[in-house]
**Q** 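Please read through the structure below; I'll follow up with questions.
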Number of protein chains: 2
Amino acid sequence: MTPMKKNKDQQGEPSALDLDRQVCHSLYSAANALVRAYRQTLEKLDLTYPQYVVMMSLWQKDGVSISNLSAHTRFDAGTLTPLLRRLQDKRLIDVKVAKGDERRKIVSVSRQGRSLKKSAEKVPGQIACAVDMPAEDALKLKGLCETLVGKLKR
Amino acid sequence: MTPMKKNKDQQGEPSALDLDRQVCHSLYSAANALVRAYRQTLEKLDLTYPQYVVMMSLWQKDGVSISNLSAHTRFDAGTLTPLLRRLQDKRLIDVKVAKGDERRKIVSVSRQGRSLKKSAEKVPGQIACAVDMPAEDALKLKGLCETLVGKLKR
DNA sequence: AGGCGTCATTTTGCACGCAAAGTAATTGAC
DNA sequence: GTCAATTACTTTGCGTGCAAAATGACGCCT
């Protein structure tokens, strides 16, 4: 019955445009899911995920310019400017004009920012726990992502 | 000389908070880099990456409700509402209230939306070319991302 | 010294991403 | 049948992410 029905909801022939076979969509979804997972953990620290990334970068090495920070975090300058303003409003960082080159600004962790690090130490463990991925897979994933970032360098 | 110098730019002992060993940061960077790569390709179609994802979902199966679309694309409803309005403004989709349940809306691809599909067929190839990743790695990456999404289901 | 190109950062404008609150229609309990 | 809970979607508010334009400082060339 219903011979030659024009199958409107096709799902007909598989296409390169099928969402379910797109690596990019998986990657995009995973990144969003991850940020969502961080949100719960980080709200105790009153940080967003990008702010947390910037703080990690500064905890590792501070007294850096915005362009240094941009290179290390891979956030562009136009993203960093307002983000740093918010971290400054929270008294987590200090920003001062570099002596010798007034274009440059030097960002460093404040006293409060340094004390926040202690609470932040627990974050990676909590996320690792929520994600629950074998170390080997995590490394593989990281490697593939880094390769991808490398290929897509602007 | 400079004995016992308080090493201010430490990089001292490695920490779990070091940016460079965080899988999440790599994933986040990769997703952003991908969207950036898509931007150039997609601007010819006057689509953003999320809009392209929605169109792919609809090309695959249309006549769906917003919550169906939300499940398939993994975008939340609050993201979809304005996004669909923009696709509607571009005359790529039609949205109508479902008969029998006036809360629900049914989204389908318009004539123009269907004709756009032909141009979009070229997109996956162009991205694949820019990314230049062996199929095996791509599959592995997709698998790991899907696992992660699964673990982090809300 | 004056001027011009370059560099670091900021601003602007637009589109998400998402939690939370709001609205309207439907269902379910009684 | 009525009314409260639920469901589907919209709205609001805030923080990115980024291209492009604007701003201000530096540095070199002559």
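Keep in mind it's a predicted model, so treat the numbers as computed, not measured. Per chain, numbering begins at 1; letters A, B, ... match sequence-line order. Basis for what follows: all heavy atoms, side chains included, without hydrogens, waters or symmetry-related copies.
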**Q** Is it the case that the side chain of A:Gln60 and the backbone of B:Leu19 share a donor-acceptor pair, with hydrogens and angles ignored and the cut-off at 3.5 Å?
**A**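 Checked: pair present.
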**Q** State whether A:Ser67 places a side-chain N or O below 4.0 Å from either non-bridging phosphate oxygen (OP1 or OP2) of C:dC7.
**A**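 Negative; the distance criterion is not met.
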**Q** Taking the minimum atom-to-atom distance to the side chain of A:Thr79, which one of C:dT9, C:dC16, D:dT16 wins?
**A**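 The listed nucleotide nearest to A:Thr79's side chain is D:dT16.
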**Q** Quick one: which of C:dC16, D:dC18, D:dC9 gets closest to the side chain of B:Asn32?
**A**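 Shortest atom-to-atom distance from the side chain points to D:dC18.
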**Q** Once you round it to whole Å, what is the distance between P of D:dT23 and NZ of A:Lys105?
**A**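 Computing the A:Lys105:NZ to D:dT23:P distance gives 16 Å.
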**Q** Below the 4.0 Å mark, does C:dA15 have OP1 or OP2 next to a side-chain nitrogen or oxygen of B:Arg85?
**A**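 Result: no.
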**Q** Below 4.5 Å, heavy atoms only, C-beta onward: do A:Leu34 and A:Tyr49 meet side chain to side chain?
**A**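 Answer no - side chains too far apart.
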**Q** Atom NZ of A:Lys99 and atom P of C:dA8: how far apart are they, to the nearest Å?
**A**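 After rounding, the gap between these two atoms is 20 Å.
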**Q** Would you compute the distance between atom NZ of A:Lys142 and atom OG of B:Ser26 and round it to the nearest 0.5 angstrom?
**A**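 Rounded to the nearest 0.5 Å, the NZ-OG separation comes out at 3.0 Å.
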**Q** Taking NZ, NE, NH1 and NH2 as the nitrogens, is one of them in A:Arg39 or A:Glu43 under 4.0 Å from a carboxylate oxygen of the other?
**A**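 No, this pair does not count.
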**Q** A:Leu84 CG to C:dA8 C1': how many Å, rounded?
**A**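 Rounded to whole Å, this separation is 13 Å.
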**Q** Tell me the interatomic distance from B:Arg74, atom CZ, to C:dC18, atom C1', rounded to whole angstroms.
**A**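 About 17 Å, once rounded to whole Å.
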**Q** Quick one: does A:His72's side chain get under 4.5 Å of B:Asp20's, heavy atoms only?
**A**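 Side-chain contact under 4.5 Å: yes.
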**Q** Is B:Lys140 paired with A:Glu136 through a side-chain N to carboxylate O contact shorter than 4.0 Å?
**A**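 Not counted as a salt bridge, because no side-chain N and carboxylate O are separated by less than 4.0 Å.
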**Q** Using a cut-off of 4.0 Å between protein heavy atoms and nucleotide atoms, how would you tag nucleotides 24-29 of chain D 5' to 3' with B, S and -?
**A** BBS---
**Q** Check DNA chain D against residues 33-49 of chain A and give the residues with a non-hydrogen atom under 4.0 Å, in numerical order.
**A**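 Hits under 4.0 Å, by residue number: A:Thr48.
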**Q** Can you tell me the distance, in whole Å, between the CD1 atom of B:Ile66 and the C1' atom of C:dA24?
**A**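 Rounded to the whole Å, the gap is 14 Å.
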**Q** With B:Leu47, which of B:Val53, B:Val54, B:Leu87 fulfils side-chain contact (heavy atoms from CB on, under 4.5 Å)?
**A**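 Result: among B:Val53, B:Val54, B:Leu87, B:Leu87 is the only option passing the side-chain contact (heavy atoms from CB on, under 4.5 Å) with B:Leu47.
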**Q** For the side chain of B:Gln51, counting heavy atoms from C-beta on, which of C:dT10, D:dT10, C:dA15 is nearest?
**A**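 From the listed options, C:dA15 comes nearest.
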**Q** On DNA chain C, nearest-nucleotide positions of B:Pro82 versus A:Val95: which is more 5'?
**A**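 Closer to the 5' end of DNA chain C: A:Val95.
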**Q** Distance check needed: C:dA8 P versus A:Asn68 CG, whole Å only.
**A**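 Those two atoms, CG and P, are 10 Å apart.
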**Q** Which of parallel (below 30°), tilted (30 to 60°) and perpendicular (above 60°) describes A:Tyr52 and A:Trp59?
**A**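 Ring orientation of A:Tyr52 relative to A:Trp59: perpendicular.
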**Q** Counting the atoms with a prime plus P, OP1 and OP2 as sugar-phosphate, which does B:Asp76 contact under 4.0 Å by heavy atoms, base, sugar-phosphate, or nothing?
**A**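 If one applies the 4.0 Å heavy-atom cut-off, B:Asp76 turns out to touch a base.
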**Q** Taking only the side-chain nitrogens and oxygens of A:Arg104, find out if one of them lies under 4.0 Å from OP1 or OP2 of C:dT9.
**A**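 Checking C:dT9 against A:Arg104, no side-chain N or O comes under 4.0 Å of OP1 or OP2.
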